[in-house]
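Order of the sequence lines fixes the chain letters, A, B, ..., with proteins taken first and strands second; residue numbering starts at 1 for each chain. Atoms considered below: every heavy atom in the structure, side chains included; atoms not considered: hydrogens, waters and symmetry mates.
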Amino acid sequence: MTINGKAYIVGAYEHPLRKAPNTSVSQLHAECAKGALEDAGLTKDDIDGYFCAGDAPGANVWSMANYMNLKQLRHIDSTDMGGCSYLVHVAHAAEAIALGKCNVALVTLAGRPNSEGSSGTQVRDRGANIPDAPFEMPYSPVTVNLYAMCAMRHMYQYGTTSEQLAWVKVAASHHAQHNPSAMLRNVVTVEEVVNSPMISDPLHRLDCCVVSDGGGAVIVAKPEIARSLKRPLVKITGAGESTKGQMGGNVDLTYSGAVWTGPRAFAEAGVKPSDIKYASIYDSFTITVIMQLEDLGFCKKGEGGKFVADGNLISGVGKLPFNTDGGGLCNNHPANRGGMTKILEAIRQLRGEAHPAVQVKNCDIALAHGTGGALGHRHGSATLIMERE
Amino acid sequence: MTTPAQDRKLRDPSLNPGDQPYFDACAEGKLLIKKCNDCGQTHHYPRPLCPFCFSDKVEWITTQGTGEIYTYSVTRRGGPVPYCIAYVGLTEGPKMMTNIVDCDLDAIKIGQKVKVVFKKTEGGFSVPMFTPIG
């Protein structure tokens with residue numbers, strides 16, 4: 001059983017707001033759903049599968065399904081894998097469609113961390129009954145230092161430099177200059193990144209993604225429906241999902257769960273890293289990109305720093321154009337969860353609808369990969385491969 | 001440049017059933033980990049079922065309180081004072097999340113030998129942290 005060819009992404013929408021103090025989270029979800037349906041040429045009552053994650057009010061489907069008055073639902077999934085949930089959702093939607101459990105699946109993401117004053121240096125309350133919390137919370141783990149510890153080890157073990165990390169941001173900024181909705185549109189240099197304030201060694205402010213409001217949605221449908229619509233055909237061909245933690249104390253921060261999800265997705269899609277014309281790679285921090293590129297097989301372990309240097313991720317310049325919308329580092333990171341926007345830019349590239357300045361020529365195969373949680377303690381990973389038909 | 005480690009307010013751990021002996025030992029200046037009597041492996045954080053073989057024949061053992069820094073990061077923004085989060089690989093094997101304290105934060109290095117010290121949280125729990133030796 002495979003999902004290869006069993007489902008298509010027929011609708012996609014990215015919310016234009018980056019700060020939405022006067023728009024409710026439920027309204028943002030619904031506006032994203034509406035936008036994706038209009039993009040697809042479908043209506044609300046065509047939806048019979050609904051997927052959302054912890055960013056949805058109530059952290060499951062009830063509130064949003066009720067808010068949008070989705071009446072035909074026969075397949076629901078509120079799998080939460082943090083920021084990569086939506087990549088998982090698309091894969092699960094394809095599985096459900098392949099099994100005949102639904103025909104048209106809606107996936108939504110939205111949130112307002114920018115309006116709510118969220119920051120990557122905040123200690124987040126983790127709730128009751130978390131087994132690891134008593135052994136971690138006194139030490140103030142926060143998003144940025146959990147990734148910084150990965151970067152520090154990567155530098156120690158492989159000789160990765162701050163300048164190499166900076167190249168990831170530089171590439172993202174080259175793309176963001178063409179995106180009118182991006183929060184940070186100025187092109188930056190390696191020097192500007194390494195001279196920006198140190199947040200948590202070795203990560204500078206410009207090694208960190210933005211905090212933004214907003215959201216996005218996609219519609220996944222069975223082949224017959226996809227072919228009846230007017231949009232370019234984006235076929236789902238492979239997927240992988242996994243989690244990685246501290247392994248009982250055998251902590252190894254040099255690799256992510258992408259070492260498992262990448263090979264599974266490539267095998268299902270029947271392609272290899274060198275076939276990928278465009279890659280959306282989760283960029284919560286610059287180190288996130290370097291580790292995931294290695295783990296997905298775009299370069300050898302430890303050589304991610306060299307791989308990203310000298311503009312290799314810049315569309316039209318390097319070998320692997322990435323995050324041509326500006327990514328989380330420059331464009332947006334709605335709900336502090338970047339998986340949805342990774343899918344959205346991959347769809348634009350496959351449809352040929354990216355900004356002309358960053359559109360990859362003959363972009364027929366794209367990959368989107370995400371991380372949820374934090375690479376420094378526990379995280380989810382998800383990979384999705386799509387083809388233009 | 002030097003950045004002396006400063007004392008800071010520490011969050012209380014919200015204990016789950018089974019965690020009390022660990023923090024009781026901390027209050028006596030001892031760092032415990034769990035060891036499995038079936039597979040022989042040690043683990044951290046402590047669980048009642050071995051995370052390697054799922055045996056329930058696990059017991060507390062007292063560590064030497066020594067180890068070396070596997071990785072670390074000094075968080076310089078966001079908090080009232082800079083602090084160093086780290087993973088320390090204990091001499092007995094497991095790596096544990098902790099803070100590096102009582103030192104110059106700018107002189108911390110991966111591979112540095114460290115020993116345990118205990119710091120009080122706001123509510124009076126003792127928690128293990130580490131300081132460089134030698």
Does [Y] offer a backbone N or O that forms a donor-acceptor pair with the side chain of [X] under 3.5 Å?
X       : Y       : value
N129(A) : N16(B)  : no
K95(B)  : V251(A) : yes
R77(B)  : S200(A) : no

Which bit of [X] comes within less than 4.5 Å of chain B, counting heavy atoms only: side chain, backbone, both or neither?
X       : value
L203(A) : neither
S119(A) : neither
Q122(A) : neither
R205(A) : side chain

**OP:** Can you see which heavy atom on P51(B) is nearest to which on G248(A), and at what distance?
**Re:** CG-CA, 4.0 Å
Original post:
Of the non-hydrogen atoms in Y70(B) and L253(A), which two are nearest, and what is the gap between them?
Top reply: OH-N, 2.9 Å
Subject >> Criterion side chain to side chain contact (heavy atoms under 4.5 Å, CB included) on R8(B) and S140(A), from CA distance to verdict >> reply: CA-CA 11 Å; R8(B) 62 189 190 96; S140(A) 300; 2.8 Å; yes
Original post:
How are the rings of F135(A) and Y45(B) set to each other: parallel, tilted or perpendicular (split at 30° and 60°)?
Top reply: parallel
**OP:** With rounding to the nearest 0.5 Å, note down the distance linking OH in Y139(A) to CZ in R11(B).
**Re:** 14.5 Å
Subject >> Heavy-atom proximity to chain A below 4.5 Å, by part of F125(B) >> reply: neither
Original post:
How about M149(A) and Y87(B): do any of their side-chain heavy atoms sit closer than 4.5 Å?
Top reply: yes
Subject >> Best-contacting candidate, N250(A), I130(A), D132(A), against chain B by heavy atom pairs under 4.5 angstrom >> reply: D132(A)
Original post:
Take atom NZ in K119(B); do more than 12 heavy atoms of anything else shown fall under 6.0 Å from it?
Top reply: yes
**OP:** Give me the one residue out of T121(A), D201(A), N145(A) that meets side chain to side chain donor-acceptor pair (under 3.5 Å) with R76(B).
**Re:** D201(A)
